[in-house]
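Here's the structure, in structure tokens; my notes come after.
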Amino acid sequence: MSRSVLLKGGRVIDPSQSLDETADVLIVGDKVEAIGARVANDASNRDGLETIECAGLVVSPGFIDVHCHLREPGREEVETIATGARAAVAGGFTSVCAMPNTDPVTDNQAAVGFIIRQGTIANAARVYPVGAISLGQRGESLAEFGEMVAAGAVAVSDDGRPVESAHLMRTALEYARTFGIPVADHCEEPTLAKGGAMNEGVVSARLGLKGVPAEAEEIMAIRDILLARRTGGHIHLCHMSTRGSVELIRWGKDRGINVTAEVCPHHISLTEDAVEDYNTNAKMNPPLRTADDVAALQQAVRDGTIDLIATDHAPHHYDEKEREFADAPNGIIGLETALAVNITWLVAPGIIDLSLLVERMSCAPARVYKLPGGTLRRGAVADVTVFDAETKWVVEPSRFKSKGRNTPYAGQTLQGLARCTLVGGRVAHRRDE
Amino acid sequence: MTPSLGKDLLGLERLSGDQIKLILDTAEPFKEISERAIKKVPTLRGATIVNLFFEASTRTRVSFEFAEKRLSADTVNVAASGSSVSKGETLVDTARNLEAMRIDMVVIRHGASGAAQFLADRIESNVINAGDGTHEHPTQGLLDMLTLRDHFGKLDGIKVCIVGDVMHSRVARSGIWGLTKMGAEVGVCGPRSLLPNAIDEMGVKVFNRVEEAIEWADALNILRLQLERMTAGYIPSLREYNRVFGVSRERLDRAKRDILILHPGPMNRGVEIDSDVADGPFSVILEQVTNGVAVRMAVLYLLSGGKPELAESAKRGGAGDR
């Protein structure tokens with residue numbers, strides 16, 4: 001008979017059915033069977049029922065990260081699909097989308113199939129491949145979207161680098177319509193961003209570092225939005241970092257253009273001041289911006305201009321970050337801190353409530369990328385996150401499941417912790433202490 | 001109580017006005033040593049200093065080396081080419097290896113902003129920044145201030161305009177921080193494409209035209225214009241730069257008063273500065289070089305634990321407590 005799990009007495013928050021109440025959730029096999037106040041009684045005589053006490057905890061549809069870098073194939077010493085998928089469940093994510101800037105690039109059906117296989121073997125979070133827009137991410141000719149989608153790709157992106165050619169972006173948006181997938185762009189006007197190591201502003205001027213102006217992102221964001229208008233394709237804008245981008249996305253949405261956007265936890269919590277003392281763990285692309293940008297992004301998460309939160313989890317070897325700032329690689333890890341950063345900087349100050357947090361971390365990613373999950377409706381796949389929204393903990397990178405240690409939050413006290421993560425009804429992560 | 005400098009000298013942004021004054025005052029007694037027939041005192045005898053130069057430098061490296069030798073320190077010069085650095089060794093490994101040889105101080109020149117701090121955070125020895133990328137060049141800022149003080153008798157209230165490629169200049173940043181802390185008014189002048197966008201937030205006056213800067217200033221610190229700024233598209237040509245921003249005798253004469261001329265070197269004669277200005281009566285460019293040795297002796301002395309009040313006796317032979 002099917003295995004069953006009872007999540008007992010938690011605060012069930014499921015924005016997909018406007019639910020926020022204390023209830024039990026019964027999972028049978030890999031599906032949600034029932035939610036309600038009396039489910040526990042009805043289930044009590046089931047054989048082999050595993051009961052997980054959830055009093056004082058939040059039970060929500062599992063978090064979905066549409067943007068992470070798992071480094072396999074090519075940089076297995078930095079992260080593997082298995083360590084990344086384990087880091088994901090440790091952070092409360094039941095699904096992650098792996099960006100294609102691997103070595104070799106995920107630009108064909110065989111490469112997509114490899115990632116699916118490694119994800120299955122890892123048996124932690126579900127791993128969905130994102131295929132490249134262009135062959136080798138060289139920005140020249142389209143990769144075979146059709147075959148990649150058939151093999152399991154859920155989106156296309158040349159992330160890590162921008163699509164420089166407006167013509168290529170246009171054809172990608174048009175061609176992707178056949179397969180109903182989003183085209184995710186890393187917005188960066190290369191001639192403006194060239195050589196930049198941090199946000200262009202007073203801090204870069206003081207530190208003597210070349211800056212990347214906000215306009216490098218905004219110019220590409222509006223180009224993409226206009227091309228989405230022209231083509232009717234779905235443009236998804238990755239890791240938005242400026243107030244100007246928020247205003248441009250709002251402009252596009254107001255006109256009914258098919259644009260969605262994500263923000264990373266670090267861009268709603270930290271400013272360029274974190275780079276002070278040349279801290280390479282505060283170096284990422286797009287860079288940390290100003291307090292005004294952070295405020296605009298927080299409000300955009302609240303009002304829905306930004307659809308969802310994604311980590312841009314980007315592990316690097318510690319040696320690579322232990323060097324001169326301008327020469328250090330971009331990126332920080334995020335899977336195991338995202339929930340806590342979002343609670344600490346969005347929920348605790350009252351900018352959004354927990355229900356909206358679940359919407360932005362679970363429901364919206366499922367909707368935008370058309371993935372299973374994002375709901376606890378009866379019959380839905382049993383991807384569930386049980387988290388403690390109150391507990392405070394100190395970030396100790398050495399405890400991460402990820403191989404990466406590159407986080408700007410090391411040593412900080414954050415609020416909120418994933419206690420239990422179920423993927424397809426199976427407990428993939430437990431942390432009780 | 002006299003302020004100390006702490007372990008390192010990384011930049012002037014983090015120093016207080018008192019600390020800057022301490023260095024300038026300490027440099028005064030050291031000036032005289034370089035005028036003697038036997039230019040040597042035993043102050044830093046037994047101390048080992050590594051001059052770690054990842055970028056080519058003649059003036060600064062030689063100036064530091066003379067300062068060290070005139071204080072009797074044992075010095076080693078390491079240049080990036082021909083060392084383990086050219087074999088791909090990382091900066092952190094270079095630092096650890098030097099540290100393992102039990103050295104007392106490192107003078108570092110490096111092309112990356114923040115490199116001096118990176119080193120200072122990782123080794124116990126004193127670190128002196130001899131120029132890091134486009135960040136700071138504190139001893140240059142100090143010697144500029146010493147030269148200005150020699151001439152004006154004070155720094156408070158004088159007007160100094162930094163002319164040229166402020167964006168890429170570590171000399172400009174050290175100058176802005178140091179002079180403002182000492183109460184001077186600081187202006188900058190140059191093509192907007194070579195001024196940081198956020199220059200207005202750095203507490204300086206901005207001049208679009210060099211004529212206006214000359215009209216305003218008591219002294220001009222004229223920066224070297226690197227040839228590569230033209231190839232990188234920041235300015236159209238060196239010729240036009242000279243015509244619009246070059247400091248010429250003709251432009252200075254229009255001010256109808258004496259304006260002190262500083263240049264950190266090496267000069268591009270006929271580009272940012274005309275020869276008759278560089279060699280003219282108000283040029284203190286060579287005094288800057290002379291003062292550079294005294295300022296660096298003062299910095300070495302203070303960082304090694306020398307007591308400012310003993311600087312006078314140190315030059316007679318007594319070492320400070322180290």
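In the text below, chain A, chain B and the rest are named by the order of the sequence lines, each starting its count at 1. Predicted model, so just to flag it, every value in this text is computed and none were measured.
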Which bit of [X] is near chain A, if near means a heavy-atom gap under 4.5 Å: side chain, backbone, both or neither?
X      : value
B:E201 : both
B:R122 : side chain
B:H110 : side chain

Measure the [atom1]-[atom2] distance between [X] and [Y] for me, rounded to the nearest 0.5 Å.
X      : Y      : atom1 : atom2 : value
B:Q117 : A:D277 : CD    : CG    : 4.5 Å
B:S113 : A:F325 : OG    : CZ    : 10.5 Å
A:E322 : B:T90  : CD    : OG1   : 8.0 Å
A:L207 : B:E136 : CG    : CD    : 10.0 Å

(message) Suppose a student defines contact as a heavy atom less than 4.5 Å from any heavy atom of chain B. Which residues in residues 400-407 of chain A would they list?
(response) none

(request) Please tell me if the side chains of B:N197 and A:E200 come closer than 4.5 Å, counting only heavy atoms from C-beta onward. (result) yes

Of the non-hydrogen atoms in [X] and [Y], which two are nearest, and what is the gap between them?
X      : Y      : result
B:T134 : A:L209 : OG1-N, 4.3 Å
B:Y234 : A:K210 : OH-CE, 3.8 Å
A:E324 : B:A115 : CG-CB, 4.5 Å
A:A205 : B:A198 : CB-CB, 4.4 Å

Answer yes or no: does atom [atom1] of [X] have more than 12 heavy-atom neighbours from other residues, nucleotides or ligands under 6.0 Å?
X      : atom1 : result
B:K7   : NZ    : yes
A:E276 : CD    : yes
A:R161 : CZ    : no
A:E76  : CD    : yes

(request) Say whether, by atom type as modelled, one donor and one acceptor occur between the side chain of A:R206 and the main chain of B:M202 under 3.5 angstrom. (result) no

